[in-house]
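Protein chains get the first letters and strands the later ones, always in sequence-line order, with residue 1 at the start of each.
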Amino acid sequence: MEIKVRYRGEDKVLTFEKDKVKAKDILKALGLSKDYAFVVKNGEIVEENEPITQNDEVRVVNAISGGLL
Amino acid sequence: MRKCIKCGEKAQVYLPQHRLSLCKQHYLEWFDNRVEKTIKEFKMFNRKDKVLVAVSGGKDSLSLWKSLINLGYDADGFYINLGIGEYSQKSYELAKSFSEKVGKTLHVVSLYKEMVPIPEMRKYDSRPACSVCGTVKRYYMNKFAKENGYKIIATGHNLDDEAAVLFSNTLNWSVEYLKRQYPVLPEEDGFIRKVKPLCKISEKESAMYAVLSGIDYIEEECPFSEGATSIDYKMFLAQLEEKSPGTKLRFYSEFLRKMYPILKQSEEKPKLQPCKICGEPSTNEICAFCNLKMKISQKEAKA
Ligand SMILES: [Zn+2]
Ligand SMILES: [Zn+2]
């Protein structure tokens, strides 16, 4: 299954082997941890076990930023 | 399904270190309350003070500004156009449109006008771009605040920033830095008071607040921050945090509570004098900013 996500100002297409995808699978596919990243589905922040389908509008937010210490 | 602990509606946010599930409305309320508590705890400022928020267009500075407005503080924004190509252009537009949305003033200083943009400046200074950028930002912010009657400069540094700095300073035993790692730097000899009201808000909490408040912020990283060591420290602390929620907050707040008072006793205040060229406070005869400016004009003369 392919899911379109918006991540750091860009559109990405993620491909999954399975048909039932959860929010945590999306974070994993992008190499992110729930400690600093989260999934926004149709405008709502969702928990890691939330199912995601191809019809959902998905945005992934990575809160970590670099720069000067 | 998780339910909001306050109202029983569906929760959008779960905060493991506080063991709290909250709906959108109650999360925004929780965040504002936490900012208010931090302001009070460290006696940062009150509702009579004119506050200048250092705005980058990112989630932290815009969330901070929004929260201060919600809490009824008198807060305007200050943006420095660093001239870093598309990144600066976009972050400026986002900061500007936010200020229009909330109906507050955004003061803007442009490096194109004042000196040279950061990418240009890197040719004249061998330090990492972030250090050069820091010198320039601190200088203009302090000068602007003073000349325009702002008593306080508020920056969007969050818990993850502070914990990463603390970790780095501890690994290196940078005692002189540790002595100054406090969320309030008092006003003195020409320096405006500087505060960090988000110091107990994690980076993720700040991003969730921005998203749930409908704030459009710049998600891209500054192109010069790539490979910054702060990210490594943050990732490492994130691993600890995942195993044991609350580690970062404990590390930082217990430092402030137990270690900072001990270190502070031996703090020797650096002697400040007005810079010979610009008059801003400095530890040397000529301040870091004027030094940088001189390097630029010397090299330009040679070229
Ligand atoms: Zn609620
Ligand atoms: Zn100077």
Side-chain angles (χ1 to χ4, degrees), chain A, chain B residues 1-2 10-14 16 21 24 27 56 58-60 90 128-131 133-134 137 158 160-162 164-169 177 202-208 210-212 214 218-222 224-235 237-242 245 248:
Chain A
M1 177 158 78
E2 286 190 341
I3 290 181
K4 226 171 76 182
V5 302
R6 187 133 187 97
Y7 178 55
R8 294 223 145 146
E10 283 172 30
D11 287 319
K12 282 193 172 198
V13 178
L14 303 175
T15 312
F16 297 92
E17 302 270 319
K18 50 188 177 184
D19 291 332
K20 280 184 182 160
V21 173
K22 292 178 174 178
K24 63 178 169 194
D25 300 320
I26 290 187
L27 291 182
K28 206 174 159 201
L30 291 166
L32 302 170
S33 150
K34 66 174 172 11
D35 181 58
Y36 53 82
F38 55 92
V39 173
V40 184
K41 168 178 141 178
N42 306 322
E44 278 190 19
I45 297 176
V46 295
E47 61 171 320
E48 45 194 303
N49 288 315
E50 179 86 9
I52 306 284
T53 70
Q54 282 169 312
N55 302 323
D56 293 321
E57 197 192 280
V58 182
R59 173 179 171 199
V60 178
V61 178
N62 178 359
I64 271 201
S65 62
L68 184 69
L69 275 187
Chain B
M1 186 183 87
R2 285 195 175 113
K10 186 182 177 195
Q12 283 201 46
V13 170
Y14 176 63
S21 296
K24 173 178 164 177
Y27 176 68
S56 68
K59 63 184 190 315
D60 299 314
K90 200 170 168 194
C130 291
S131 315
C133 197
K137 278 183 187 164
N158 58 46
D160 293 67
D161 296 326
E162 294 305 300
V165 181
L166 179 59
F167 187 61
S168 161
N169 286 341
Y177 285 126
S202 78
E203 208 145 36
K204 185 179 171 186
E205 287 160 2
S206 160
M208 291 194 298
V211 167
L212 293 179
I218 185 144
E219 283 192 72
E220 292 93 323
E221 287 280 325
C222 168
F224 290 129
S225 77
E226 211 142 284
T229 46
S230 61
I231 299 255
D232 296 339
Y233 292 145
K234 282 179 178 177
M235 298 304 261
L237 290 169
Q239 283 176 24
L240 291 177
E241 183 75 21
E242 204 170 347
K248 276 182 305 200

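- In this structure the side chain of E219(B) never reaches within 4.5 angstrom of the side chain of E10(A), judged on heavy atoms.
- Proximity to chain A is absent for every atom of I218(B), based on heavy atoms less than 4.5 angstrom apart.
- Looking at residues two or more places apart in sequence or on another chain, you find no salt bridge (charged side-chain N to carboxylate O under 4.0 Å, His left out) involving E48(A).
- Using a 4.5 Å cut-off on side-chain heavy atoms (C-beta onward), D35(A) and K248(B) make contact.
- Judged by distance alone, with hydrogens and angles left aside, the side-chain atoms of Q12(B) form a donor-acceptor pair with the main-chain N or O of I45(A) at under 3.5 Å.
- Of the atoms belonging to K10(B), it is side-chain heavy atoms, and not backbone ones, that fall under 4.5 Å from chain A.
- What you find for M235(B) and Y36(A) is that their closest heavy atoms are CE-OH, 3.2 Å.
- Counting heavy atoms of neighbouring residues, nucleotides and ligands inside a 6.0 Å radius, atom OH of Y14(B) exceeds 12 of them.
- With contacts defined as side-chain heavy-atom distances shorter than 4.5 Å, the pair M208(B)/F38(A) qualifies.
- For chain B, the nearby parts of V61(A) are the backbone and the side chain; heavy atoms of each come within less than 4.5 Å.
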Q: For E241(B) and K34(A), run salt bridge (charged side-chain N to carboxylate O under 4.0 Å, His left out): C-alpha distance rounded to whole Å, both residues' side-chain angles, the deciding distance at 0.1 Å, then the answer.
A: CA-CA 10 Å; E241(B) 183 75 21; K34(A) 66 174 172 11; over 6 Å; no
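- Under the ring pair (Phe, Tyr, Trp, His ring centres under 6.0 Å) criterion, F167(B) pairs with Y233(B), F236(B), not counting sequence neighbours.
- For residues 25-32 of chain A, a heavy-atom distance under 4.5 Å to chain B picks out no residue at all.
- Proximity to chain B is limited to the side chain of E47(A), based on heavy atoms less than 4.5 angstrom apart.
- Applying the salt bridge (charged side-chain N to carboxylate O under 4.0 Å, His left out) criterion to K59(B), with sequence neighbours excluded, gives E203(B).
- Within a 6.0 Å radius of CD in E242(B), other residues, nucleotides and ligands contribute more than 12 heavy atoms.
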